[in-house]
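Take a look at the structure below.
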Amino acid sequence: MQARIIEDFAPRFAQNSIVLYLGETAKKIIRIEEEIFDELEIEVSEHDKLPDVVLLCRENNRLFLIEAGNSHGPVRKKSMLYLEIMLTK
């Protein structure tokens, strides 16, 4: 599913974006661009609370937080709160 996000979603909705984070449900980190997170002053302390894919489009200053799939429904309130805190520091 993450591959489809990068191959299909990104070119259509997040053109020229870069992959900052790519994880999978087994709590494995496939890719993380720590230097860019640091540059953006985003402290990532708990990788398991990040969505499956994080894209950055520098052209329009957008950060895309994408869940590839969740068998438990929408993003949990706890995870949403963590993301809000992480991005407002």
### Query
Can you tell me how far CG of L83 sits from CG of L65, rounded to the nearest 0.5 angstrom?
6.0 Å
### Cluster check V19, F13: I/L/V/M/F/W/Y, side chain < 4.5 angstrom
yes
### Task
With rounding to the nearest 0.5 Å, note down the distance linking CZ in F64 to CZ in F9.
5.5 Å
### Query
CD of E39: more than 12 outside heavy atoms within 6.0 angstrom?
yes
### Query
Do the non-hydrogen side-chain atoms of I42 and L87 ever get within less than 4.5 Å of each other?
yes
#### Entry: Closest non-hydrogen atom pair, P51 against Y21
O-CE2, 3.2 Å
### Non-hydrogen atoms of E67 and L50 that approach each other most closely
OE2-O, 4.2 Å
### Query
Roughly how far, to the nearest 0.5 Å, is CD1 of I85 from CD of E43?
11.5 Å
### Query
With a 4.5 Å heavy-atom cut-off, do L40 and L56 have their side chains touching?
yes
#### Entry: Shared hydrophobic cluster for V53 and L63 (ILVMFWY, side-chain gaps under 4.5 Å)
no
### Query
With R31, which residues qualify under salt bridge (Lys or Arg N to Asp or Glu O under 4.0 Å), at least two apart?
E33
### Query
Taking all atoms of both residues into account, what is the closest heavy-atom pair of Q2 and A68, and its distance?
CD-CB, 4.0 Å
### Non-neighbouring partners of R12 that pass salt bridge (Lys or Arg N to Asp or Glu O under 4.0 Å), sequence neighbours left out
none
### Query
What is the minimum heavy-atom distance between L20 and F37, and which atoms define it?
O-CE1, 3.6 Å
### Task
Determine whether more than 12 heavy atoms belonging to other residues, nucleotides or ligands lie under 6.0 Å from atom CG of D8.
yes
### Message
Quick check for you: to the nearest 0.5 Å, what is the distance between I66 atom CD1 and L22 atom CG?
### Response
10.5 Å
### Task
Determine the minimum heavy-atom distance between A10 and S17, stating which atoms define it.
CB-OG, 4.0 Å
### Task
Measure across I6 and P11 and return the closest heavy-atom pair with its distance rounded to 0.1 Å.
O-CD, 3.3 Å
### Query
Mind checking what makes salt bridge (Lys or Arg N to Asp or Glu O under 4.0 Å) contact with E59, not counting sequence neighbours?
none
